[in-house]
Structure formats: C-alpha cells, structure tokens
Number of protein chains: 2
Amino acid sequence: MDVPETGAPPTSELPGGRAQPKTDKSEATRALILETAMRLFQERGYEKTTMRAIAAEAGVSVGNAYYYFSAKEFLIQGFYDRMTYDHAADARLRMAGTRDFAERLEIALVSWLDTAAPYHEFSAQFFRTAADPNSSLSPFSNESHPARATAVALFREVLEGSELAPKLDAELVELLPDVLWLHLMVVVLYWVFDRTPDTERTREFVRRSTPVAARLINLSRYRVFRPIVRDAKGLIQDFILPTIGKTAVK
Amino acid sequence: MDVPETGAPPTSELPGGRAQPKTDKSEATRALILETAMRLFQERGYEKTTMRAIAAEAGVSVGNAYYYFSAKEFLIQGFYDRMTYDHAADARLRMAGTRDFAERLEIALVSWLDTAAPYHEFSAQFFRTAADPNSSLSPFSNESHPARATAVALFREVLEGSELAPKLDAELVELLPDVLWLHLMVVVLYWVFDRTPDTERTREFVRRSTPVAARLINLSRYRVFRPIVRDAKGLIQDFILPTIGKTAVK
DNA sequence: GCAAGGTTTTGAACGCGTTCGAAACCAGCG
DNA sequence: CGCTGGTTTCGAACGCGTTCAAAACCTTGC
C-alpha cells in the first residue's frame with residue numbers, strides 16, 4: 001500500500017502565490033507579510049484588517065503585498081494550509097495508541113476542534129471562501145487543494161490504523177477516507193455556526209455522532225445491508241468523489 | 001392538522017428592508033429598485049452589477065437605493081424569497097396527482113432545479129451569503145428566515161401527502177420535513193458546484209439519491225433498525241433542529 | 001565597471017460598496 | 001396659507017481592495 005504524501009511544510013502555494021521564490025530575501029518578505037497578516041487577522045478579525053494595515057505593519061508597500069498574494073483571499077490560504085498541517089500532526093500523535101475505530105475518529109475530530117479553536121471568531125471567512133465555487137481556494141472545487149489531500153490522508157490513517165479496517169470490504173476502505181473528510185466538513189459547518197462557549201455544542205455533537213457513524217460502517221459488514229450499501233457506494237463513487245476531484249476507479 | 005403558512009407573496013423583508021412602507025410611492029420605488037437589480041444580476045452577474053448601475057438604471061440615486069436596501073446583500077434576499085415562493089407553488093402543482101413518496105420527493109427537488117436554473121450562473125453569491133453565519137440572510141443561522149419556513153412547509157406536504165406518512169412513527173414524521181429540507185440544501189450545494197450543461201449531473205444525482213433516501217426512511221419501520229433510528233432521531237433532535245431554530249419538542 | 005534583463009518594490013490612482021448631512025417632498029394642523 | 005415633523009431623495013465623500021506604470025534593486029556576462 002502506498003502512503004500518500006501527508007502534506008509538505010506549509011510553504012507551497014496555489015495560483016495566488018505568484019511565481020516561486022527566486023531569492024531568500026523574497027521568501028523572507030513573503031513570510032513576513034503572511035505572519036503579519038495572520039497576527040492582525042487574529043487581533044482584529046478579517047474584515048477589520050485592511051491590506052494597507054498589513055503592509056504598513058509589515059513595513060512594505062501595498063503593492064508589494066499584492067506582489068506576493070494576488071488577493072486578500074490568498075492570505076487565508078496560507079493560514080488554512082498551516083492549520084491543516086498542524087491538525088494532522090496533532091491528531092497522529094493523539095491517536096497513536098488507540099485501535100478502536102470510533103475512538104480514533106473522535107480523536108481526529110476533537111483534535112481539529114482544538115487546533116482550530118483560536119481562529120473560531122473569524123472562521124466565517126474561511127467558510128465563505130470555501131463555499132465559493134469560483135474561488136480556487138475552495139477545497140470542494142479545487143481538485144489539487146493541498147489541504148484536502150493532507151486531511152484525506154489523515155482519515156485514511158484513522159481507518160487503516162483501526163482494528164475495523166481489515167474486516168471491511170476493500171472497496172469500501174478505498175472510499176471511506178473521502179467520506180470521513182466530508183464528515184469533518186459537516187462538523188466544520190456545525191462549528192462555524194456554533195456560538196456556545198468553547199464550542200461545547202460541537203464537541204458534544206462529535207461525541208454523539210462518531211459512535212453512530214462507526215456503528216453504521218460496522219453494520220455494512222452484515223448481509224442484510226448489502227443492497228443499501230451497494231447503493232450508497234454507487235452514489236459516492238458516481239457523484240461525490242468525482243466532484244471533489246477523484247476520477248472514479250474502474 | 002395545522003397547515004403552516006406557506007409563505008406570503010414575497011413582499012416581506014428582514015432587517016435590511018428598513019422601515020415598513022409608509023406610502024404607495026415608497027413601495028413602488030422599492031419594487032422598482034428590486035426589479036432593476038434582479039434584471040441586472042441576471043444580465044451581468046452579481047459582482048459586475050454595481051449599486052451605481054442599479055440606481056442609474058432605475059432612475060434613482062445610490063443613496064436612495066441604500067434607503068431601501070441597507071446593503072447590496074439584501075437585494076439577494078428579495079430575490080431568494082421570491083424564488084422559494086415560486087418553487088413551492090410549482091412543486092405543489094407538479095406532485096398533485098402522485099402519492100408515492102420517492103416520486104413526490106424527486107418531483108419537489110427537480111422542481112427546485114428547474115426554478116433555480118436561470119440563476120445558476122450567479123448562484124454562487126446566494127451560497128456565499130448563506131454560508132456566512134454573521135449574515136442575517138443565512139437560512140441556517142437566522143431562525144425566522146421566511147424562505148426556510150416556506151421550504152420546510154413544502155417538504156411537510158411532500159411527506160404527508162404520500163402513502164408512506166401514515167405508516168411511520170409520528171415522532172419521525174415530525175422531524176422529517178426539516179431533514180428533507182437539509183437534503184435540499186445538500187442538493188443545492190451540489191448544484192452550485194455543478195458545471196455540467198443544464199446541471200445534468202445534479203439531476204442524475206437527484207434521480208439516484210431520492211430512491212435511496214426513500215428506502216432508508218421506509219426501512220426505519222422495521223424492528224431491527226429501532227436502535228439506530230433512535231440514535232439518529234436523538235442526533236437530529238438534539239443537534240440539528242435547535243441549530244436551525246426549532247426549540248426541541250419535549 | 002557597466003550595460004542588459006530580470007526581480008522586487010513603490011505609491012498614486014481607480015472602481016466599488018457604503019455613509020451622511022442636507023435638500024426636497026409631503027402630510028396634517030392652526 | 002405657512003409652519004412643523006416626518007419621510008424620501010440626493011450626491012459628494014470616505015475607506016477599502018485592487019491595478020499598474022515606473023522606479024529601485026540585483027544578478028550575470030562582458
């Protein structure tokens with residue numbers, strides 16, 4: 001079995017990142033701008049942070065900021081990439097000693113909530129961006145979104161490191177990582193709208209929903225469910241995976 | 001049984017609509033601006049249509065447009081309300097003679113696709129707005145969103161007009177309309193990202209997924225599934241409905 | 001050392017959404 | 001009729017994201 005790349009240290013960029021860094025100094029400027037932006041986003045929120053402020057605070061001109069990030073949106077991207085990378089690392093650590101699938105899944109999701117917690121306030125922006133099919137930042141429409149690849153790889157580990165995986169239909173094991181990633185997206189959706197302190201409600205949602213999900217997957221092994229599992233697999237293969245950029249495996 | 005209000009003719013407005021119309025002339029101006037905006041949105045798309053253009057085309061000043069719609073966003077709202085209303089009317093007509101649940105559900109969803117078809121190009125905007133938890137336009141976060149009430153009422157009819165409803169657990173019948181509305185939201189999500197001509201892919205998705213959904217609901221009647229159905233009901237009651245503005249029924 | 005060509009940086013300028021103080025309009029009342 | 005208080009309309013002005021032509025800087029080859 002091939003281990004997919006788990007995501008490079010968050011330096012890579014999409015179209016918005018302009019030409020690849022030619023010099024060290026250039027790379028430094030780029031990093032400086034991103035750091036500054038991230039700090040200001042956290043301090044004042046996304047809308048309130050103006051490009052002029054970022055440039056001023058970083059000690060460069062606005063034009064220069066745009067030289068590295070062709071739109072304000074693309075500053076989000078850097079941020080999001082890094083978070084995904086941190087999440088995967090943290091989740092791997094936390095679930096290292098656990099073999100139970102439901103537990104592993106819950107650990108992975110809770111780890112996401114913890115990693116994302118500091119950014120909950122302006123997470124709405126991430127989400128708005130993700131929801132725009134015209135934006136190349138959207139993890140749904142952009143087939144080569146590095147953050148998605150990283151996350152899907154993580155969920156593959158969640159599954160394959162569990163005692164459940166060997167008992168399952170191989171085809172299903174192939175599909176599940178993407179489905180679990182979608183599950184995370186649902187949790188994220190819930191989280192974004194969650195206004196309870198420490199997003200306690202989302203945490204409870206995760207606690208309650210993971211066992212149900214695990215149970216459902218487990219049930220798929222029994223004969224009675226063959227037909228409905230076949231249908232579900234068909235739906236996923238034909239309609240979900242192609243949309244998020246996997247070509248259907250024949 | 002009580003028939004919920006199916007949505008007033010799309011005149012009502014949320015906070016962005018400013019004070020209620022005092023005079024006929026005022027109401028006329030308001031309508032003129034909305035009509036003009038909708039026409040231009042369709043002609044050139046949302047981003048390309050500037051407030052200045054809307055005002056000019058409508059023969060009023062920008063300031064005046066803002067007097068009636070406190071932000072460009074709120075013009076979307078009028079649009080969306082009307083579409084939802086049209087959809088409900090059309091779907092009712094189409095499914096009048098059908099009792100089979102799966103068929104009724106498919107009719108309702110296809111009707112939505114047909115109603116929304118002319119606006120597919122700039123639908124991304126609706127969606128972005130809906131995805132913003134801070135916006136009062138979001139059908140998720142805004143508890144009294146008229147469009148959602150209309151749509152949920154429609155799905156209640158989809159279910160209760162079918163031969164399936166009487167056979168189901170009463171509690172489940174109470175929950176399902178909202179779940180079906182969520183199903184529509186998923187379809188909308190899919191549709192927004194769908195780039196195939198005439199959104200053929202989404203249409204196929206609907207054709208394929210409605211029977212599966214119907215089958216799942218139907219299965220819930222059998223004894224074997226009691227525990228998992230109970231779990232699912234719990235999740236919906238405790239985590240989904242409260243979020244979209246229903247107080248849990250004790 | 002210098003010219004050529006690329007990379008990086010600059011800041012003024014543009015277009016847009018939005019705001020706001022003031023004008024115009026329109027009752028109803030004395 | 002004129003005054004008064006509310007409603008409606010106006011358009012200049014503000015702040016922000018973004019663009020762009022030109023400048024500054026930095027190699028590299030001669």
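In this text, all values refer to a predicted model and were calculated from it rather than measured experimentally. So you know, we letter chains A, B, ... as the sequences are listed, proteins then strands, and number each from 1.
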Please report the distance, rounded to the nearest Å, between CG in B:Asn64 and C1' in C:dA22.
15 Å
Ionic contact status for B:Arg39 with B:Glu57, cut-off 4.0 Å
yes
Side-chain N or O of B:Ser26 closer than 4.0 Å to phosphate OP1/OP2 of D:dT7:
no
Rounded to whole Å, please give me the gap between CD in A:Glu47 and P in C:dT18.
11 Å
Under 4.0 angstrom between B:Tyr66 side-chain N/O and D:dG11 OP1 or OP2:
no
Rounded to whole Å, how long is the line connecting atom CG of B:Asp24 with atom P of C:dA27?
11 Å
Between C1' of C:dG17 and CD1 of B:Ile33, the distance in whole Å:
15 Å
Quick one: B:Lys72 NZ to C:dG17 P, roughly how many Å, whole number?
4 Å
Options D:dT7, C:dT18, D:dC10, nucleotide nearest the side-chain atoms of B:Tyr67
D:dT7
Per nearest nucleotide of DNA chain C, the residue lying toward the 5' end, A:Gly63 or A:Arg52, is A:Gly63
Position toward the 5' end of DNA chain C (nearest nucleotide), A:Ser61 or B:Lys48
A:Ser61
Using a 3.5 Å distance criterion without hydrogens, assess whether the side chain of A:Ser61 forms a donor-acceptor pair with backbone atoms of A:Asn64.
yes
To the nearest angstrom, how far is A:Met51 atom CE from D:dT19 atom P?
10 Å
Which word best sums up how the rings of B:Phe205 and A:Phe239 line up, parallel for under 30°, tilted for 30 to 60°, or perpendicular for over 60°?
tilted
Assign the ring pair B:Tyr46 / B:Phe41 to parallel, tilted or perpendicular, where the plane angle (0 to 90°) is split at 30° and 60°.
tilted
Looking only at side-chain atoms of A:Val60, point me to the closest of C:dT8, D:dA12, C:dT10.
C:dT10
When you measure from the side-chain N and O atoms of B:Thr29 to the phosphate of D:dT9, is any distance below 4.0 Å, counting only OP1 and OP2?
yes
Rounded to whole Å, how long is the line connecting atom CG of B:Leu75 with atom P of C:dG17?
11 Å
Using whole Å, report how far CG of B:Leu32 lies from P of D:dT8.
15 Å
Checking contacts here: which listed nucleotide (C:dC16, C:dT9, D:dT9) is nearest the side-chain heavy atoms of B:Thr50?
C:dC16
B:Glu200/B:Arg195 ion pair, N-O < 4.0 Å
no
